[in-house]
Amino acid sequence: MADHLLHITDLHVSVAGNEIIRGLDLTVNRGSVHALMGPNGSGKSTLSLALMGHPKYTITKGDIKFKGQSIVELSPDERARLGMFLGFQYPSAVPGVSVANFLRNALMAHHKGSSPLTPAKFKQLLDNGIRKLKMDPAVLARYVNDGFSGGEKKRLEILQALVLEPDLEILDETDSGLDIDALRIIAEGIEAQRTGERAILLITHYQRILNYLKPDVVHVMVRGKIVREGGPELAAELEAKGYDPLIKELVEA
Amino acid sequence: MATNIERAPDVDRAAIEQLVKSEPDWLGDLRRAAFTRYEELPQPDATTPGWRRLSLEGIDLRAPRPAPTVFTTQVSAADRERGLVVCSLADAARSHEGDVRQALSIEHKGKSVGRYAAIAEAAWQDGVFVYAPAHFVAQEPVRIELSSGTYPRVMVLAGEGAQLTVAETHREQDPVSAGVVDLLCGGGAVVRYLHVQDCARTAAAFSHQRAMLERDARLITLNFGIGGRFARTDVEVELRGPGAESDMLGLVFAEDRQQFDYRTLQGHRSPNTRSDLLFKAALDDQSHASYTGVIVIDRGAQRSDAYQANRNLLLKEGARADTEPMLEIEADDVRCTHGATVGPVDEEQLFYARSRGLEADAAARLIVEGFFAEVFEKFGNPAVTDSLRSAVAPHLGRVGAV
């Protein structure tokens with residue numbers, strides 16, 4: 001039990017009255033990479049937004065424990081400060097707020113309103129992240145996600161994780177819409193964060209990114225539930241056969 | 001409660017005649033004509049066209065007798081030495097009589113001189129005259145602060161190719177004030193003009209600003225409204241010369257029961273002219289912003305480009321904004337777009353910022369700051385806009401969870 005960073009039991013989530021997650025159980029261990037795979041519409045993004053506390057996603061039943069504490073009543077910012085991070089599939093633009101300013105504010109929020117770093121150290125931290133992710137240094141002065149390409153947005157999500165150093169990183173389709181070079185850079189960026197106790201929950205439709213980032217555990221989600229769990233070989237199997245046999249199996253069962 | 005200022009008696013013709021006594025005839029004629037216009041225009045109330053969206057209850061709009069104008073200016077000594085003139089407008093009416101007379105006599109095509117602009121033209125006592133000779137490039141912004149004066153008048157004349165920034169702040173305590181600003185930009189001149197309205201919270205503040213741009217001139221204006229109980233601002237830009245360009249920016253932060261009424265004119269009179277307008281308001285409590293924007297493109301102003309956007313952020317349920325664009329386009333080869341939005345802080349933006357650890361109020365503040373920052377940056381002179389950011393900061397502290 002001590003290894004359970006995230007422990008979800010019998011979770012039901014509704015959006016605008018429609019139940020999308022229907023009795024989901026999932027456990028993420030400290031220090032490991034979990035891949036959550038599934039066909040489109042299986043509820044993967046709903047799960048990620050519900051985990052982070054999006055106000056439009058209502059938990060109607062079940063529980064989410066993070067670090068042994070139930071978080072379903074916590075606000076999104078409380079969850080973030082507790083060590084959760086969501087890399088959004090479609091991150092919002094925040095016009096007029098520069099990337100550097102946004103990150104400074106976020107880091108301060110994680111440290112009771114004061115910066116844990118001197119301005120010089122903070123700059124160094126950002127510069128290192130930018131180099132690692134092969135981003136244009138000019139990005140720091142640009143407005144958050146405003147006019148960013150898909151690939152730039154995904155990199156900025158990873159940069160934010162580098163700065164905030166969460167205990168759990170939920171990455172929602174961080175690999176989608178990227179060309180092969182960008183995918184490799186992002187995968188390396190994620191790999192670099194695979195340290196110590198940190199866990200990564202990688203939500204993906206494709207097996208592609210798993211060529212660069214070996215998961216410890218693979219979960220397969222269909223229609224709002226986890227239907228299979230296994231090791232990296234499960235991802236390879238899905239890649240070879242697709243989701244259809246799995247869905248068929250479920251329908252017959 | 002604000003201190004109870006004794007109300008001055010209403011302005012009358014005798015008050016104008018008092019001013020005319022010691023002035024050149026041409027100026028007296030202009031004042032008398034303006035006073036006649038003032039008398040012809042009714043005092044607005046809730047039934048007056050163009051005023052119906054406003055709630056004027058409890059606001060005394062009677063125009064008082066003029067009080068002496070009190071102002072300070074700040075100019076770099078080096079700029080003065082190199083020929084920049086900044087002085088009292090009353091003095092300039094004598095020392096630069098020709099320039100002042102010419103500027104005051106310009107017929108503004110789109111002139112919609114309302115009652116308060118008319119009385120300001122009739123009853124101004126003093127104000128500031130700024131004159132940049134041809135090809136003069138100012139090193140420092142000219143700063144003007146008006147602390148009193150019922151009808152202050154400001155005139156900025158930029159000669160051909162001149163470049164300067166003028167930052168004007170109104171911190172008037174008078175219950176009613178009406179100012180007129182004339183901006184004349186010679187061929188190829190580049191002028192930045194900032195108008196800050198930070199009057200007493202009990203005051204009704206009127207400002208009528210009009211600009212005339214000659215060939216290839218560029219004017220960037222920013223109206224920043226934070227004070228007053230009721231503020232009405234008219235900004236009219238005439239692109240008279242071909243290739244002239246205007247960027248009109250506006251920013252309001254309103255709270256309590258403040259009301260801001262903005263009217264703008266983008267007048268394209270020549271070909272290849274460009275105008276871009278961005279007016280934004282963040283409205284807290286029970287405040288109200290009203291925006292009316294007119295774009296006029298004359299038949300001869302082909303290949304003109306006009307853009308207009310009005311964005312309103314409602315921070316509380318009781319806040320209100322209305323917006324009305326009006327287009328009068330007679331040329332056929334032009335580009336003209338406009339857009340307006342009214343709504344609360346975007347829920348997805350808020351969630352995004354909160355998912356990074358920011359509490360709801362801190363996230364809202366950051367988003368509102370960003371909403372403002374875009375306008376400050378467009379103005380392109382941080383030396384004068386950075387202080388505005390800090391002027392907003394204490395008010396943003398009140399922006400709570402939305």
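If you're wondering where the values come from, they're calculated on a predicted model, not measured in any experiment. So you know, we letter chains A, B, ... as the sequences are listed, proteins then strands, and number each from 1.
- Residues of residues 371-386 of chain B having a heavy atom under 4.5 Å from any heavy atom of chain A, listed by number: B/Phe371, B/Ala373, B/Glu374, B/Glu377.
- There is no contact between A/Tyr90 and chain B, counting heavy-atom distances below 4.5 Å.
- Within 6.0 Å of CZ on B/Arg335 lie no more than 12 heavy atoms contributed by other residues, nucleotides or ligands.
- Of the atoms belonging to B/Ala363, not a single heavy atom falls under 4.5 Å from chain A.
- Residues of residues 94-110 of chain A that come within less than 4.5 angstrom of chain B, heavy atom to heavy atom, are A/Val94, A/Pro95, A/Gly96, A/Val97, A/Asn101, A/Phe102, A/Asn105, A/Ala106, A/Ala109, A/His110 in numerical order.
- Using a cut-off of 4.0 Å between Lys/Arg side-chain N and Asp/Glu carboxylate O, B/Arg354 and A/Glu78 are scored as not salt-bridged.
- Residue A/Arg142 places its CZ atom among more than 12 non-hydrogen atoms of other residues, nucleotides or ligands, all under 6.0 Å distant.
- For residues 158-165 of chain A, the interface with chain B (any heavy-atom pair closer than 4.5 Å) comprises A/Gln160, A/Leu164, sorted by residue number.
- Shown here for B/Gly357 and A/Ala80, the closest heavy-atom pair between the two residues is N-CB, 3.4 Å.
- Of all residues in residues 40-60 of chain A, those placing a non-hydrogen atom less than 4.5 angstrom from a non-hydrogen atom of chain B are A/Leu49, A/Met52, A/Gly53, A/His54, A/Pro55, A/Lys56.
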